[in-house]
Amino acid sequence: MSDLTRRSFLTWTGMGALSVAAMSLAGCSSGGSSGGGDSVRFAWWGGSDRQRAYLAALDAFTADNPEIKVAPEFGDYDAYQERMTTQMAARDVPDVFWIPSPAVLTYRDAGLYRDLDGVEGLDLAAFGADQVETFKLGGELNTLPKSIFSPVVRWNTTFQEEDGVSLPDELSWDSLAELLVDYAKDNAGGRKGTTYGPYHDMPFESFLRQRGEDLWTEDGRLGASVDGVAAWIDWWEKLRLAGATTSVSEQDGIEPSWSSVGDKVLLTFANSNHIVDDAQAFPDYVFDQRDVPAAEDAAAGYHFTYYSRFAMYSGVPDDRVAAAAALMSFNLNSPELLSLVGLSAGAPPNAELLDAYEPDATPDEQKVIAITREIAGTEQRPRFEAPAGSGSWRDLMIRELEEVTLGQKRVPDAAAAFVEAVEGEIAGA
């Protein structure tokens with residue numbers, strides 16, 4: 001941290017004499033509800049760049065709201081979830097917190113969310129009534145979107161130009177597969193078409209929705225059929241066996257690090273916001289992105305915009321609710337915050353805020369904005385969050401993919417095992 005940020009950090013937490021190193025060991029927390037005093041505890045996840053950006057944003061917030069102290073709590077994604085689990089058990093949850101995607105309904109069922117309808121100081125003026133309705137879970141306004149994004153195909157335009165590759169205007173799953181196989185067979189750099197990527201969760205969900213299925217149902221069950229899961233895995237297996245993808249050994253596992261494979265492939269699947277950070281890993285290349293492929297008979301309304309949510313803790317003391325609401329409003333509406341944190345976590349749901357930010361957006365952020373607007377304008381049928389007990393579904397998918405790629409299980413058997421395992425986890429929750 002810079003010296004300024006270090007001082008601000010200690011001011012926010014009210015722990016002036018406590019070292020930053022000691023606070024890091026404690027999870028960057030100011031303590032429990034009693035230890036936090038009058039400070040509003042704010043928890044988020046991310047790498048060091050995001051941490052620095054949000055600390056600077058909190059500097060701006062406290063400058064405008066000197067009567068409100070903020071105690072920041074952050075960590076990487078996995079550490080964040082582990083800490084939240086511990087805090088839930090102790091009923092010592094931060095006042096305002098980001099929600100990991102697998103935990104939206106788990107946290108709700110645990111009673112973590114405060115009803116936000118009519119909360120004093122919460123400014124939702126930028127959102128129309130119809131839009132606010134889309135924020136609700138089960139008819140209740142208990143979380144809000146901090147950012148939005150969608151699944152995309154991202155490709156290396158530098159490689160595209162070097163190798164004379166043309167992506168068709170209308171991209172189907174079949175035409176993309178053909179392009180990737182042909183590219184891997186004949187390009188000067190010896191690159192592959194893509195990574196082996198059936199672990200990509202949001203493109204998987206889009207694939208299912210095009211088939212008329214949902215990943216999760218409204219009543220909290222797995223909506224994916226065995227046939228749907230098998231079709232997804234089979235699409236990737238045909239590419240892998242044809243040599244169109246990096247091998248599992250080349251990418252060091254089912255779920256590779258982008259920094260290790262990004263210069264080995266023409267394109268990859270991703271979330272629309274990922275280009276902001278991922279492009280920085282390869283500054284000599286230019287990347288672009290577009291909507292995922294569409295099946296020729298794709299079901300109407302298959303597109304979706306994912307809401308990355310945050311919430312106010314149900315146990316916030318009444319005399320701290322207004323301050324917590326002011327912090328949430330700052331996250332939703334502040335141009336200064338957006339200028340500091342950018343679009344690496346997704347586009348803001350506040351369209352007016354995005355419009356104002358666009359002229360100063362980086363070239364990669366402009367691409368986030370373009371695809372966000374494109375997909376937001378499509379027909380979208382309802383999408384449902386992951387139910388309690390489903391939090392390990394990605395790990396279960398990876399386990400089955402490992403069995404398939406090792407030749408130890410057939411695709412239909414792996415799909416059936418995945419469906420059975422996920423349904424069992426949900427039933428046992």
Side-chain angles (χ1 to χ4, degrees), residues 8 11-15 27-45 54-55 57-74 80 83-84 86-100 103-127 129 131-147 307-334 336-337 348-350 353:
S8 299
T11 299
W12 293 327
T13 57
M15 303 288 285
C28 298
S29 170
S30 64
S33 298
S34 59
D38 295 329
S39 298
V40 177
R41 296 167 58 194
F42 177 45
W44 74 98
W45 66 76
Y54 270 88
L55 289 173
L58 292 178
D59 237 346
F61 175 76
T62 54
D64 290 340
N65 301 274
E67 74 284 3
I68 301 176
K69 296 179 181 179
V70 181
E73 302 182 19
F74 53 77
Y80 178 93
R83 187 178 67 218
M84 280 292 292
T86 301
Q87 291 172 330
M88 286 168 59
R91 307 307 290 180
D92 182 31
V93 176
D95 300 326
V96 178
F97 56 93
W98 286 13
I99 310 168
V104 173
L105 297 187
T106 300
Y107 286 4
R108 183 199 64 181
D109 294 349
L112 264 59
Y113 305 149
R114 186 182 183 98
D115 184 356
L116 299 174
D117 193 19
V119 166
E120 178 187 355
L122 184 60
D123 182 5
L124 300 180
F127 308 103
Q131 189 176 11
V132 172
E133 283 297 316
T134 69
F135 300 163
K136 294 181 178 180
L137 296 173
E140 297 181 2
L141 186 64
N142 47 23
T143 68
L144 293 169
K146 63 179 180 61
S147 61
Y307 289 155
S308 182
R309 299 172 183 264
F310 72 137
M312 184 188 300
Y313 179 42
S314 58
V316 176
D318 289 343
D319 60 359
R320 209 155 65 218
V321 169
L327 180 59
M328 294 187 77
S329 299
F330 177 75
N331 276 263
L332 289 169
N333 303 315
S334 170
E336 189 167 11
L337 178 141
N350 184 331
L353 190 62

* How far apart are the closest heavy atoms of Val93 and Arg41, and which atoms are they? -> O-NH1, 3.7 Å

* Asked: Any side-chain heavy atom of Leu116 within less than 4.5 Å of one from Leu124?
  -> no

* Asked: How long is the span from the OG atom in Ser147 to the CG atom in Leu332, to the nearest 0.5 Å?
  -> 10.5 Å

* To do: Would you indicate whether the side-chain heavy atoms of Arg320 and Val40 approach each other to under 4.5 Å?
  => yes

* **Within 6.0 Å of CD in Glu120, more than 12 heavy atoms from elsewhere** => no

* What are the two closest heavy atoms between Ser329 and Gly121, and how far apart are they? -> OG-O, 3.0 Å

* To do: Give the intermediate values and the outcome of side-chain contact (heavy atoms from CB on, under 4.5 Å) for residues Lys146 and Asn331.
  => CA-CA 7 Å; Lys146 63 179 180 61; Asn331 276 263; 5.7 Å; no

* For the student: nearest non-hydrogen atoms of Ala325 and Leu122, plus distance -> CB-N, 3.7 Å

* Asked: What about the rings of Trp98 and Phe310, do their centers lie closer together than 6.0 Å?
  -> no

* Asked: Can we say Asp117 and Lys136 salt-bridge, meaning some charged N sits less than 4.0 Å from an Asp/Glu carboxylate O?
  -> no

* To do: Determine yes or no for a side-chain-to-main-chain donor-acceptor pair under 3.5 angstrom, with Asn333 supplying the side chain and Asp123 the backbone.
  => yes

* Asp92 CG to Met84 CE distance, which is reported to the nearest 0.5 Å -> 10.5 Å

* **Spacing of Tyr54 atom OH and Phe74 atom CZ [to the nearest 0.5 Å]** => 13.0 Å

* Start with the C-alpha distance between Glu67 and Thr62, add both sets of side-chain angles, then the distance that settles side-chain contact (heavy atoms from CB on, under 4.5 Å), and finish with yes or no. => CA-CA 8 Å; Glu67 74 284 3; Thr62 54; over 6 Å; no

* **Distance-minimising heavy-atom pair for Pro94 and Glu73** => CG-OE1, 3.5 Å

* **Separation between OG1 of Thr143 and CE of Met328, rounded to the nearest 0.5 Å** => 8.0 Å

* Asked: Which heavy atom of Leu337 sits nearest a heavy atom of Ser334, and at what distance?
  -> N-OG, 3.0 Å

* **Leu58 to Leu327 - nearest heavy-atom pair and separation** => CD2-CD1, 4.0 Å

* Classify the angle between the aromatic ring planes of Tyr307 and Phe135 as parallel (below 30°), tilted (30 to 60°) or perpendicular (above 60°). => perpendicular

* Asked: Between atom CG of Leu137 and atom CD of Glu140, what is the distance when rounded to the nearest 0.5 Å?
  -> 8.5 Å

* Criterion side-chain contact (heavy atoms from CB on, under 4.5 Å) on Arg108 and Leu105, from CA distance to verdict -> CA-CA 5 Å; Arg108 183 199 64 181; Leu105 297 187; 3.8 Å; yes

* To do: Just say parallel, tilted or perpendicular for the rings of Tyr113 and Tyr107, cut-offs at 30° and 60°.
  => perpendicular

* Spacing of OG belonging to Ser314 relative to CG belonging to Asp95, to within rounding of 0.5 Å -> 10.5 Å

